[in-house]
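To start, the structure under review is shown below, and the notes come after it.
Keep in mind that the numbers below use all heavy atoms, side chains included, and drop hydrogens, waters and symmetry copies. Here the structure is a predicted model, which is why all the values come from computation and not from measurement.
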Amino acid sequence: KVDYDEYDKCASDMAITCDAAYFWHITDFHVDPHYDNWVNDLWNSCNQDVSQTQGEMGDFECDSPWQLVESSIKAMQEFGRDPEFILWTGDSPPHAKDYEWVDQAVVLEIIQNITNLIKGAFAPDIPVVVSLGNHDFYPRNQLPGHNNEIYDAVYEMWKPWMDSDEMKKTFTKGGYYTTMLSDSPKVRVIVANTNLYYSVNEAVTGEEDPGDQFKWMEELLGQARDNGEKVHLVTHVPPGVLKTDEGKGETWFTEEYNTKFNDIVRRYGDVILAIYSGHKHLDTFTLYYDEDGNPVAYMLVAPSVTPWRTRLGSDLESNAHNPAVRKILLDRDTYELMDVQQYYLDLSTYKDNNMDTAKWTKLYSYSDKYDLEKLSPAGLHSVAEEFKEQESEKFQDYQELNTVKTNHDSNVPCDCECKNLHLCSIQKVDYDEYDKCASDMAITCGAGLIRSGIYIYIVGVTFLVWLMQVFDA
């Protein structure tokens, strides 16, 4: 850094990084064991035939080759091999139809392979906090709220990370558990199996509280408050609404479960350090507000390792994204979140330049892009409010980072409706509130178009009158 201001900022950032503790958040590997065999095997994860263009590290149309998974773990080692813990929020098998070639044995083998990779890459005394994804089961999405073979088998793989009888009891019952991460300060992690609330999960149809998990969560959060603990709340499938191209929004929880989960978060927002999720494959955050409109909690949604285009909305092209891993900085004394640092592999550059090795780099941090000294509900609320400003540079950054800076030809400018639906998704986690927000925004944007049209009409008429006067003269 030869410029003084850049040097000062660099030195300040380094001081923060060196003084802070940190952990890694990885999610949605979605390994496709058949990635290299497209010509001879049509039953893989690719959305279309990419046999002539796919690269060694992956393709935007496909799930992850094993080389990409290995590369992502090596990137974590390169940028921080001594974390406080590793957070892995599930979804290891590929996006393939259950009746094709993915069965229970394949699901368990893939989970075991990634488990072994993580164990071999980091010291055995580094805790790994891990949750099940909706694909970490057979049949996919159908995770029950009671004991079964897959919960038992996965527990045996993850037993070194779940070293108490109580953790075994709840995980083998319903895929959820809790443990203390630190006694000073008192920090607990609660891993909720939110696949139980997935609207396509027929295994829990009609159940008011699948696996008794809501009751368990409330009891734990109440005890945490009484004991002066702070809590990391971990999920895979997130509550709330994802903005899609059609504008309606994509939801995963049933409405009843979404309401119950969100009510619990609001009641215990003072205890929850942050909520962490995957599943969306995109980079975003969500805010919770109390009845008076005060921000009380937030959720960080991490982008995926897989670059696979999500099959959501009418335009698949809009959801391409680069592979990513996330580093979260913590205050050593309080465990409060200080920053998010996003690392990624620029897949287009890697493929276009036929690079021999994958070069992962730091893409951005919340402190740089959003001018946050630390993360908090109030701080992220201020960022969301700044997004609303016309020509907001921070929102433009968010829009680019939402898909991990793909810079793909398919990306289109985000117009008034697009931007406002992003904001609805960030600030409205309840379905009825999101629908009202989306409806209000559509009216606002429509009114803006009408005003623009009237303005153009007036300018045009004025110009014609001026022309007539010139010619008459």
Side-chain angles (χ1 to χ4, degrees), residues 89-91 131-137 139-148 151 170-171 173-178 190-222 231 233-244 246-269 271-272 275-280 284-291 293 296-299 301 312 421 424-440:
T89 49
D91 262 10
S131 69
L132 290 165
N134 56 297
H135 283 265
D136 297 325
F137 200 83
R140 63 184 175 185
N141 307 324
Q142 306 306 310
L143 288 79
H146 56 75
N147 180 251
N148 59 84
Y151 287 173
T170 57
F171 186 84
K173 173 188 176 179
Y176 56 86
Y177 66 95
T178 185
I190 294 177
V191 178
N193 181 6
T194 52
N195 304 291
L196 298 177
Y197 310 140
Y198 203 176
S199 59
V200 295
N201 186 353
E202 298 177 359
V204 297
T205 299
E207 296 185 29
E208 185 175 335
D209 185 6
D212 301 319
Q213 184 174 230
F214 282 131
K215 178 183 177 183
W216 173 82
M217 281 177 58
E218 286 209 72
E219 289 176 351
L220 273 176
L221 288 166
V231 173
L233 179 55
V234 176
T235 69
H236 173 72
V237 177
V241 185
L242 171 68
K243 177 263 174 193
T244 64
E246 286 123 333
K248 179 181 178 183
E250 181 77 11
T251 62
W252 287 287
F253 283 27
T254 68
E255 186 165 8
E256 178 186 0
Y257 294 151
N258 190 69
T259 299
K260 285 184 176 181
F261 187 91
N262 292 340
D263 285 348
I264 291 173
V265 170
R266 290 189 182 95
R267 282 200 298 276
Y268 295 97
V271 175
I272 297 170
I275 308 164
Y276 309 91
S277 192
H279 189 70
K280 289 185 178 183
T284 186
F285 63 91
T286 301
L287 286 158
Y288 284 81
Y289 297 87
D290 63 18
E291 293 181 353
V296 294
Y298 64 91
M299 177 171 64
V301 181
L312 292 176
L421 288 175
C424 292
S425 179
I426 289 170
Q427 295 187 299
K428 305 296 180 183
V429 291
D430 294 314
Y431 296 165
D432 56 346
E433 289 189 358
Y434 176 89
D435 290 342
K436 184 178 186 308
C437 178
S439 176
D440 291 346

Q) Does any N or O in the side chain of Q213 come within less than 3.5 Å of the main-chain N or O of N193, such that one atom is a donor and the other an acceptor? A) yes

Q. Sequence neighbours excluded, which residues qualify as ring pair (Phe, Tyr, Trp, His ring centres under 6.0 Å) partners of Y176?
A. W216

Q. Could you go step by step and tell me if N262 and D430 meet the side-chain hydrogen bond (donor to acceptor under 3.5 Å, both in side chains) rule?
A. CA-CA 8 Å; N262 292 340; D430 294 314; 3.1 Å; yes

**Q.** Partners passing salt bridge (Lys or Arg N to Asp or Glu O under 4.0 Å) against E202 (at least two apart in sequence or in another chain)
**A.** none

Q | ring pair (Phe, Tyr, Trp, His ring centres under 6.0 Å) partners for Y288, two or more places apart | A | none

Q: Could you tell me which residues satisfy salt bridge (Lys or Arg N to Asp or Glu O under 4.0 Å) with E256, sequence neighbours excluded, listed by chain and number?
A: K260

Q. Do the side chain of N258 and the main chain of G240 share a donor and acceptor less than 3.5 angstrom apart?
A. yes

Q. What residues, two or more places apart in sequence or in another chain, satisfy side-chain contact (heavy atoms from CB on, under 4.5 Å) together with N147?
A. D152, T172

Q | T235 side chain vs Y276 backbone, donor-acceptor pair below 3.5 Å | A | yes

(Q) Run the salt bridge (Lys or Arg N to Asp or Glu O under 4.0 Å) test against K173 and tell me which residues pass, sequence neighbours left out. (A) D212

Q: Indicate yes or no: at least one non-hydrogen side-chain atom of L143 is less than 4.5 angstrom from one of Y151.
A: yes

Q) Run the side-chain hydrogen bond (donor to acceptor under 3.5 Å, both in side chains) check on N134 and N141 step by step: do they pass? A) CA-CA 5 Å; N134 56 297; N141 307 324; 2.9 Å; yes

Q | Electrostatic pair K436-D432, nearest N-O below 4.0 angstrom | A | no

Q.
Please enumerate all residues that pass side-chain contact (heavy atoms from CB on, under 4.5 Å) together with E291, with sequence neighbours excluded.
A. none

**Q.** Y257: ring pair (Phe, Tyr, Trp, His ring centres under 6.0 Å) partners, not counting sequence neighbours
**A.** Y197

Q: Just jot down the salt bridge (Lys or Arg N to Asp or Glu O under 4.0 Å) partners of D263, sequence neighbours excluded, or say none.
A: R266

Q. Which residues satisfy the side-chain contact (heavy atoms from CB on, under 4.5 Å) test with T284, sequence neighbours excluded?
A. K280, V301, Y398, N402, I426

Q.
Run the ring pair (Phe, Tyr, Trp, His ring centres under 6.0 Å) test against H236 and tell me which residues pass, sequence neighbours left out.
A. H279

Q. With sequence neighbours left out, what residues match T194 under side-chain hydrogen bond (donor to acceptor under 3.5 Å, both in side chains)?
A. none

